Amino acid sequence: MPAAIGRSTMRTPLTPLQPVVERGYRFEALRYGPATGFVPEPMDLRIAATPQAAIRTIRIQLRANHLFGLTPRELVRALHWSEHGGWVQALGALHRGEPCGFTLLLRGGRHIEWHVRPLTYVSLDACTRHRSAPLPGGQKSV
C-alpha cells in the first residue's frame with residue numbers, strides 16, 4: 001500500500017536542541033541614500049566570533065570602497081582608518097565591551113556606516129559542543 005501524501009514511511013528520531021549561550025560581535029554595514037529616502041539599506045549583516053574578525057571585515061570593506069565613489073577627503077579618511085591605526089581604538093572599544101563604528105560620506109549625499117556591537121545570544125544547536133571564541137592571545141593580528 002503506498003504511503004499517504006505528505007507522510008514519511010520512516011520515522012527518524014529527533015535530536016534535541018541544546019541551547020548554548022554564546023558571545024559574539026554583531027557586525028552591520030548600512031548604506032543610506034536619497035533613492036531609499038535615507039532609510040538604512042543593509043549591505044552586510046553577520047555575527048563575528050572575535051573583535052579582531054569584526055575589525056578585519058571593516059578594514060577589508062573600507063579598502064574596497066573606492067568603487068562607491070568616495071570623495072578625495074573620504075578616501076584619505078578611509079585609508080587612514082584602515083591602514084594607519086585608526087582601527088586600533090575601535091578594537092580597544094570592543095575589548096572593553098563597547099560598540100564602535102565608522103562612517104563614510106559618498107558623493108550625492110549618500111553615506112555608509114559600519115557598526116560593531118558586542119552581544120550575548122542563545123544559539124540552538126543540535127550538536128552538544130560549544131563554539132566558544134578563541135582567546136585573544138591565540139589570535140592573528142588584525
Side-chain angles (χ1 to χ4, degrees), residues 3-142:
I5 296 175
R7 287 195 170 169
S8 173
T9 57
M10 302 219 14
R11 295 192 181 246
T12 58
L14 296 176
T15 304
L17 297 177
Q18 298 295 322
V20 177
V21 176
E22 306 239 24
R23 296 196 64 208
Y25 297 85
R26 180 185 171 154
F27 172 89
E28 53 187 20
L30 304 172
R31 180 176 32 216
Y32 299 81
T36 61
F38 292 95
V39 173
E41 177 187 351
M43 293 174 33
D44 192 356
L45 303 170
R46 64 178 81 177
I47 295 177
T50 64
Q52 291 87 344
I55 296 299
R56 184 178 304 117
T57 303
I58 295 175
R59 292 179 69 197
I60 290 168
Q61 290 184 6
L62 281 175
R63 291 180 200 133
N65 270 316
H66 65 281
L67 301 173
F68 290 114
L70 293 178
T71 64
R73 178 182 180 273
E74 292 299 287
L75 181 59
V76 169
R77 284 186 62 237
L79 289 175
H80 177 76
W81 197 91
S82 68
E83 302 299 324
H84 300 289
W87 57 270
V88 174
Q89 292 84 5
L91 184 62
L94 292 174
H95 278 290
R96 291 188 303 270
E98 301 169 3
C100 68
F102 189 76
T103 302
L104 282 177
L105 301 175
L106 308 175
R107 292 187 172 109
R110 298 171 296 140
H111 64 280
I112 298 177
E113 293 180 349
W114 290 266
H115 298 282
V116 181
R117 294 175 179 87
L119 73 119
T120 302
Y121 62 98
V122 175
S123 173
L124 296 177
D125 194 354
C127 301
T128 57
R129 62 180 170 76
H130 177 64
R131 293 183 308 123
S132 62
L135 295 175
Q139 290 294 313
K140 295 180 182 176
S141 63
V142 177

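All of these numbers come straight from a predicted model, not from anything done at the bench.
- Between E83 and R63, at least one side-chain nitrogen of the basic residue sits less than 4.0 Å from a carboxylate oxygen of the acidic one, meeting the salt-bridge criterion.
- The local environment of CZ in R73 is sparse, with at most 12 non-hydrogen atoms from other residues, nucleotides or ligands closer than 6.0 Å.
- By the 4.5 Å heavy-atom criterion applied to side chains, T71 and R107 are counted as neighbours.
- The CG atom of L94 sits 11.0 Å away from the CZ atom of F27 when rounded to the nearest 0.5 Å.
- Within the 4.5 Å cutoff, no side-chain heavy atoms of R26 are placed close to those of H115.
- Taking CZ from F102 and CD1 from I112, the interatomic distance works out to 11.0 Å, rounded to the nearest 0.5 Å.
- Side-chain contact check for I55 versus C100: some heavy-atom pair is nearer than 4.5 Å.
- The structure places CH2 of W114 at 12.0 Å from OG1 of T57, a figure rounded to the nearest 0.5 Å.
- Counting only heavy atoms from C-beta outward, the side chains of L30 and E28 approach each other to under 4.5 Å.
- With rounding to the nearest 0.5 angstrom, the NE2 atom of H80 is 13.5 Å from the CG atom of L75.
- Residues Q61 and D44 are in side-chain contact: their nearest non-hydrogen atoms beyond the backbone lie under 4.5 Å apart.
- A heavy-atom distance below 4.5 Å is found between the side chains of Q52 and L91.
- The CG atom of L106 sits 12.5 Å away from the OH atom of Y32 when rounded to the nearest 0.5 Å.
- In this structure E113 satisfies the salt bridge (Lys or Arg N to Asp or Glu O under 4.0 Å) test with no other residue, sequence neighbours excluded.
- Contact detail for A90 and W81: the closest heavy-atom pair is CB-CZ2, 3.7 Å.
- The shortest side-chain heavy-atom distance between W87 and L62 does not fall under the 4.5 Å cut-off.
- The nearest pair of heavy atoms linking R117 to P99 is CG-CB, 3.8 Å.
- For R110 against P34, the heavy-atom pair with the smallest separation is CG-CD, 3.7 Å.
- In this structure, H111 and L105 approach most closely via the heavy-atom pair CB-CD2, 3.8 Å.
- Under the 3.5 Å distance criterion, the side-chain polar atoms of E41 are left unmatched by any main-chain donor or acceptor of R31.
- T103 approaches R77 most closely through the heavy-atom pair O-NH1, 3.1 Å.
- We find the CD1-OH distance between I47 and Y25 to be 12.5 Å, quoted to the nearest 0.5 Å.
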